[in-house]
**Student:** 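Below: one structure in C-alpha cells.
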Number of protein chains: 2
Amino acid sequence: MKLPVSTEWVLHCATTLAQLEPGDSASAAQLAAYYDLPGPYLTKQLKALVNAGVLTAATGPRGGFRLAHPAAEITLLRIVEAVDGAAPPYECREIRQAGKGALPAADCRETCVLAAKMAEAHQAWRSSLDAVSLADILGSLPATAPARTRSKLKG
Amino acid sequence: MKLPVSTEWVLHCATTLAQLEPGDSASAAQLAAYYDLPGPYLTKQLKALVNAGVLTAATGPRGGFRLAHPAAEITLLRIVEAVDGAAPPYECREIRQAGKGALPAADCRETCVLAAKMAEAHQAWRSSLDAVSLADILGSLPATAPARTRSKLKG
DNA sequence: GTAATGATACTCGGATAAATACTGTCCGAGTAACGAGGG
DNA sequence: CCCTCGTTACTCGGACAGTATTTATCCGAGTATCATTAC
C-alpha cells in the first residue's frame with residue numbers, strides 16, 4: 001500500500017496556491033521551480049486535480065492554476081483521492097466463492113466479514129483526512145509564510 | 001494506494017487456519033486448492049507471514065502452516081502488514097527544503113504539517129485493523145463453519 | 001513382537017521471468033496579453 | 001487620446017518511453033513418515 005510520490009507534490013502545491021491572493025494563480029512551471037520538481041509530470045498531476053474539481057486551470061499569459069473553492073472547503077482527502085483515485089485499497093474478489101471450499105451463493109448475501117473490516121479501516125483513514133482542510137493547514141503555518149511564499153514564487 | 005491481491009488470500013487463509021483443531025496444520029497446496037489460487041505464489045506470501053511471526057511452518061509429510069499464536073492474539077493489522085510491509089503509504093521527502101522556495105533548516109525542526117496529518121490518518125487505519133482479531137472474525141461466522149472448512153480442506 | 005534402519009514422498013525455500021503501474025518526457029493546440037496603427 | 005487589430009509568447013493538454021514493484025512460476029534442500037528387516 002503505497003501512495004504515489006506525486007501525492008506530496010500536490011499537497012504542497014495546493015497549500016502554496018492557498019497562500020496566493022484571491023484571483024491570482026500560479027503556473028506549473030513556477031510551482032515546479034519552487035519545489036524543484038519535474039515540470040511536465042507535475043502538470044499532469046495538477047490536471048488530475050482540475051478534473052476532480054479541486055483546482056481550475058487557465059491557459060495563456062498570466063494563466064495557471066488556482067483553487068476552485070475556498071481553502072476551508074478543500075480537504076486533504078479530496079486532494080489525495082484526486083491524484084490516487086478513490087478506489088479502496090482492498091478489493092474483495094470473492095475468493096470465498098471459488099475453489100474446493102466455495103460457499104453456496106445463499107451464504108454470500110452479506111458482504112464478506114474480512115472485506116467489511118477492511119472497508120471500515122479505509123473509512124477511518126478517509127474520515128481522518130476529510131477532517132483537515134487547507135485552511136487548517138494554513139492556520140498552523142507562521143503568519144509570515146504567505147508573503148514569503150508569494151515572493152519566492154514570483155522571483 | 002493499493003494493497004496486493006495476496007492480502008485477501010492471506011486473510012482468508014489465516015481465517016481458515018484458525019478453524020483447524022489445535023496442533024493441526026494445512027499445506028500451501030491444500031489452501032491453494034481450497035480457494036483456487038496459484039500454489040507457489042501463495043507459498044511465498046505465507047512465508048512472509050512466517051517471517052513476521054504470525055504463522056509457523058513445518059516441512060515434511062503432515063507438515064504445513066499453522067497459527068503461531070492463539071487466534072485472539074492475531075490482529076488483522078499484523079497479517080496485512082506482514083504481506084504488504086509496515087511502511088507508511090505517504091513518504092515525506094521534504095520537498096519543502098528543496099527548490100527556489102526551500103525553507104531554512106531552522107524552520108524544519110518540526111515535522112511537516114502535511115506529513116503529520118497523513119501519518120495521523122495512517123495511524124487511524126492501523127488502529128482500526130488492530131482492533132479486530134482472528135477470534136473476532138471466527139465469532140461472526142456460523143457455528144457450522146469450522147467443521148465444514150476442515151472437511152472440505154482435507155478432501 | 002519390537003526396535004532400528006533405509007527409502008520414500010511430501011513439505012517449504014529461494015532464485016528466476018512476465019505483467020502492470022508509476023515515473024518522467026516530449027511536442028502540439030489554444031488563449032490572453034501586448035504593442036502598433038488608425039480613427 | 002481612445003479603440004481596433006494583429007502578433008507574440010505563454011499556458012495547459014494529450015500522446016510517447018523508462019523504470020520499479022507486483023504477480024506468477026519453476027526446481028532444489030530438508031524432514032517426518034512408512035515399510036522393511038534384524039533382533
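Within every chain, numbering begins at 1; the chains are lettered A, B, ... in the order of the sequence lines, protein sequences first and strands thereafter. These numbers come from the heavy atoms of this one structure, side chains and all, not from hydrogens, waters or symmetry mates.
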**Student:** Check the distance between C/dG13's P and B/Gln45's CD and give it to me in whole angstrom.
**Tutor:**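 The distance from CD of B/Gln45 to P of C/dG13 comes to 13 Å, rounded to the nearest Å.
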**Student:** Are B/Ile79 and B/Thr7 close enough that some pair of their side-chain heavy atoms sits under 4.5 Å apart?
**Tutor:**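 With C-beta onward as the side chain, the pair stays apart.
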**Student:** With no hydrogens and no angle check, do the side chains of A/Gln45 and A/Tyr41 hold a donor and an acceptor under 3.5 Å apart?
**Tutor:** yes
**Student:** Between A/Arg126 and A/Glu81, does any side-chain N to carboxylate O distance fall below 4.0 Å?
**Tutor:** yes
**Student:** Map A/Leu42 and A/Gly60 onto DNA chain C by nearest heavy atom, then report which one ends up closer to the 5' terminus.
**Tutor:** A/Leu42
**Student:** Between D/dT22 atom C1' and B/Glu8 atom CD, what is the distance in whole Å?
**Tutor:**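 Atom CD in B/Glu8 sits about 16 Å away from atom C1' in D/dT22.
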**Student:** Report yes if a side-chain nitrogen or oxygen of A/Tyr41 is closer than 4.0 Å to either non-bridging phosphate oxygen (OP1 or OP2) of C/dT23; otherwise report no.
**Tutor:** yes
**Student:** Side chain of A/Phe65, heavy atoms from C-beta onward: which of C/dG13, D/dT21, D/dC12 has the nearest atom to it?
**Tutor:**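 Of C/dG13, D/dT21, D/dC12, D/dC12 is nearest to the side chain of A/Phe65.
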**Student:** Would you kindly compare A/Val50 and A/Met1 by the position of their nearest DNA chain D nucleotide and give the one closer to the 5′ end?
**Tutor:**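 That would be A/Val50.
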**Student:** Within the 4.0 Å heavy-atom criterion, would you say B/Ala29 contacts the bases, only the backbone, or no part of the nucleic acid?
**Tutor:**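 It contacts nothing in the nucleic acid.
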**Student:** Regarding B/Pro40, tell me which of base, sugar-phosphate or nothing describes its non-hydrogen contacts under 4.0 Å with the strands shown.
**Tutor:**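 B/Pro40: base contact, heavy atoms under 4.0 Å.
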**Student:** Below 4.0 angstrom from OP1 or OP2 of D/dT11, is there any side-chain N or O of A/Ser27?
**Tutor:** yes
**Student:** Rounded to the nearest 0.5 Å, what separates atom CG in A/Leu31 from atom CG in A/Leu37?
**Tutor:**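 Atom-to-atom, A/Leu31:CG and A/Leu37:CG are 8.5 Å apart.
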**Student:** In whole angstroms, how far is the C1' atom of C/dG28 from the NZ atom of A/Lys44?
**Tutor:** 15 Å
**Student:** Checking contacts here: which listed nucleotide (C/dT23, D/dT11, C/dG13) is nearest the side-chain heavy atoms of A/Val5?
**Tutor:**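 Closest nucleotide among those given: C/dT23.
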**Student:** Where the side chain of A/Lys2 is concerned, which of C/dG13, D/dT25, D/dT21 is the nearest nucleotide?
**Tutor:** D/dT21
**Student:** Can you measure A/Arg62 atom CZ to D/dT11 atom P for me and round it to whole angstrom units?
**Tutor:**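 After rounding, the reported distance stands at 11 Å.
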**Student:** Judged by each residue's nearest nucleotide on DNA chain C, which is more toward the 5′ side, A/Trp9 or A/Pro61?
**Tutor:** A/Trp9
**Student:** Tell me the interatomic distance from B/Lys154, atom NZ, to C/dC10, atom P, rounded to whole angstroms.
**Tutor:**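 Taking NZ of B/Lys154 and P of C/dC10, I get 17 Å after rounding.
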**Student:** Report the distance from atom CD of B/Glu91 to atom P of C/dT23, rounded to the nearest whole Å.
**Tutor:** 11 Å
**Student:** Return the value, rounded to whole Å, for the distance between atom CG of B/Leu37 and atom C1' of D/dT25.
**Tutor:**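 In whole Å, D/dT25 C1' and B/Leu37 CG are 15 Å from each other.
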**Student:** Verify the contact: side-chain N or O of B/Lys47 to OP1 or OP2 of C/dG14, cut-off strictly under 4.0 Å; return yes or no.
**Tutor:**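 True: B/Lys47 side-chain N/O within range (under 4.0 Å) of C/dG14 OP1/OP2.
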**Student:** To the nearest Å, how far apart are A/Asp84 CG and C/dA21 P?
**Tutor:**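 Going from CG in A/Asp84 over to P in C/dA21 covers 13 Å.
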**Student:** State plainly whether the residues A/Asp107 and B/Arg148 are in salt-bridge range, i.e. N to O under 4.0 Å.
**Tutor:**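 Salt bridge flag = no for B/Arg148 with A/Asp107.
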